[in-house]
Peer 1: 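This structure is in structure tokens; I'll ask about it shortly.
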Amino acid sequence: MVATRNTMMLALEAELVLQPSPLTLTISVPALPRFNERRQATRSSRRFLMVRLQLDPFLNELTSMFEHTTEKGSVWVTLKHSSDKSKVQRNKMTTAGKELEYKCLVRATDGKKNISTLVGTKDHQRFQASYATILKARMTSLKKREKKDKRKAADANKKQEVSKKRSTPAKP
Amino acid sequence: MVYIISWDDFVERSVQLFRSNPEKTRYVMKYRHSEGKLVLKVTDDKECLKFKTDQAQDAKKMEKLNNIFFTLMARGPEVDITEVTGKEPTAQPAKRGRGRKQ
């Protein structure tokens, strides 16, 4: 995944520079932009951009993702227990005796856009409630419970069979 | 991929998996409106548990599982979740951190 991204970036950002002498052709490739830098966010590289949002904008974006994927497409939501620090930082903090603070990292994507947010201990109840509301409102294409009618019919049949057996007991 | 048939089994095993490896375990949900399909996955990149459904009643069950995971992941894996539906019990272990009270 990383290899293709890098080569794609190279392809997008390589510039052909014509020197005064027509025989020399210089291709200058600027340093690969780091993952976090958004200055060269072209349409294709936007797919690899993870946008970190605050709680409410995240919920709004999530809602719009659901809206856009009604006809086709999927919405993925990932939950993870995270300290939001790299391994190096974590090791440094633990060796320095500092406590690591963990939060819940929530990521969402519709295949095109990536968004994420961190839910801390204080906000998780509120976020949980809003998130549940969104899902309840949006997950409407799942099947309703129709088996209940079939089950009732099957139970009714069974009861009839049992009562028939009782009325005609087998004689040795 | 291991698709689990029983919902309760899925819940129990995924909580167990998270508690055994809180750093790596993640809970993924995929919803396709066009097909009316919902797939849940819990994995620590070694073991993978999945559950798929097209039933609306499972969405309600998933809501409870979401609550469980939010609580576990926001507060910490030691949190007692037996009362998640009625919100947290007071018997929480001291948080490793600043020990703030809610």
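Protein chains get the first letters and strands the later ones, always in sequence-line order, with residue 1 at the start of each. Treat the numbers as computed from the prediction; the structure is a model and nothing was measured. Only heavy atoms go into these numbers, but all of them, side chains included; no hydrogens, no water, no symmetry mates.
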Peer 1: Can you tell which part of A:K136 gets under 4.5 Å to a heavy atom of chain B, answering side chain, backbone, both or neither?
Peer 2: side chain
Peer 1: Please identify, among A:V119, A:L135, A:T78, the residue contributing the most non-hydrogen atom pairs under 4.5 Å to chain B.
Peer 2: A:T78
Peer 1: Report whether A:L118 and B:M73 are members of the same hydrophobic cluster (ILVMFWY, side-chain heavy atoms less than 4.5 Å apart, transitive linking).
Peer 2: no
Peer 1: Below 4.5 Å, heavy atoms only, C-beta onward: do B:N66 and A:Y131 meet side chain to side chain?
Peer 2: yes
Peer 1: Contact part of A:T140 toward chain B, heavy-atom cut-off under 4.5 Å: side chain, backbone, both or neither?
Peer 2: both
Peer 1: For the hydrophobic clusters of this structure (ILVMFWY residues joined by side-chain heavy atoms under 4.5 Å, transitively), does one cluster hold both A:F48 and A:W76?
Peer 2: no
Peer 1: In terms of heavy-atom pairs under 4.5 Å with chain B, which of A:K98, A:E71, A:K103, A:M139 leads?
Peer 2: A:M139
Peer 1: Residue by residue, which of residues 83-94 of chain A have a heavy atom closer than 4.5 Å to a heavy atom belonging to chain B?
Peer 2: A:R90
Peer 1: How close do B:G36 and A:S141 get, heavy atom to heavy atom, and via which atoms?
Peer 2: CA-OG, 3.0 Å
Peer 1: With a 4.5 angstrom heavy-atom cut-off, is it the side chain or the backbone of A:T69 that approaches chain B, or both, or neither?
Peer 2: backbone
Peer 1: Output, in order, the C-alpha distance, side-chain angles, deciding distance and verdict of side chain to side chain contact (heavy atoms under 4.5 Å, CB included) for B:Q55 and A:L142.
Peer 2: CA-CA 5 Å; B:Q55 300 294 319; A:L142 294 171; over 6 Å; no
Peer 1: Taking all non-hydrogen atoms of both residues, which atom of A:G120 and which atom of B:A74 are closest, and how far apart?
Peer 2: O-CB, 4.1 Å
Peer 1: Can you tell me if B:H33 uses its side chain to pair, donor with acceptor, with the backbone of A:T70 under 3.5 Å?
Peer 2: no
Peer 1: Which value, rounded to the nearest 0.5 Å, describes the distance between A:L79 atom CG and B:L65 atom CG?
Peer 2: 9.5 Å
Peer 1: Determine the option with the most heavy-atom pairs under 4.5 angstrom with chain B, choosing from A:V77, A:D123, A:T109, A:L105.
Peer 2: A:V77
Peer 1: Measure distances from B:K37 to the heavy atoms of chain A and classify the residue's part below 4.5 Å as side chain, backbone, both or neither.
Peer 2: backbone
Peer 1: Output, in order, the C-alpha distance, side-chain angles, deciding distance and verdict of side chain to side chain contact (heavy atoms under 4.5 Å, CB included) for A:K143 and B:T53.
Peer 2: CA-CA 9 Å; A:K143 291 186 200 151; B:T53 182; over 6 Å; no
Peer 1: Does a donor on one side chain and an acceptor on the other come within less than 3.5 Å for B:R75 and A:T121?
Peer 2: no
Peer 1: Relative to chain A, which of B:T25, B:D54, B:V28 shows the most heavy atom pairs under 4.5 Å?
Peer 2: B:D54
Peer 1: Heavy-atom pairs under 4.5 Å with chain A: which of B:K30, B:E63, B:R26 has the most?
Peer 2: B:K30
Peer 1: Within the structure provided, determine whether B:E23 and A:Y102 are in side-chain contact (heavy-atom separation under 4.5 Å).
Peer 2: yes
Peer 1: Stepwise, does the side chain to side chain contact (heavy atoms under 4.5 Å, CB included) test hold for B:F70 with A:V106?
Peer 2: CA-CA 9 Å; B:F70 271 120; A:V106 188; 4.0 Å; yes
Peer 1: For the residue pair B:Y31 and A:F66, does the interplanar ring angle fall in the parallel (under 30°), tilted (30 to 60°) or perpendicular (over 60°) class?
Peer 2: tilted
Peer 1: What closest approach, in Å, do A:Q128 and B:T71 show between heavy atoms, and which atom pair accounts for it?
Peer 2: OE1-OG1, 4.0 Å
Peer 1: Does a side-chain heavy-atom distance below 4.5 Å link B:Y27 with A:K80?
Peer 2: no
Peer 1: Find out if a path of hydrophobic residues (ILVMFWY) with successive side-chain heavy-atom gaps under 4.5 Å connects B:W7 to B:V2.
Peer 2: yes
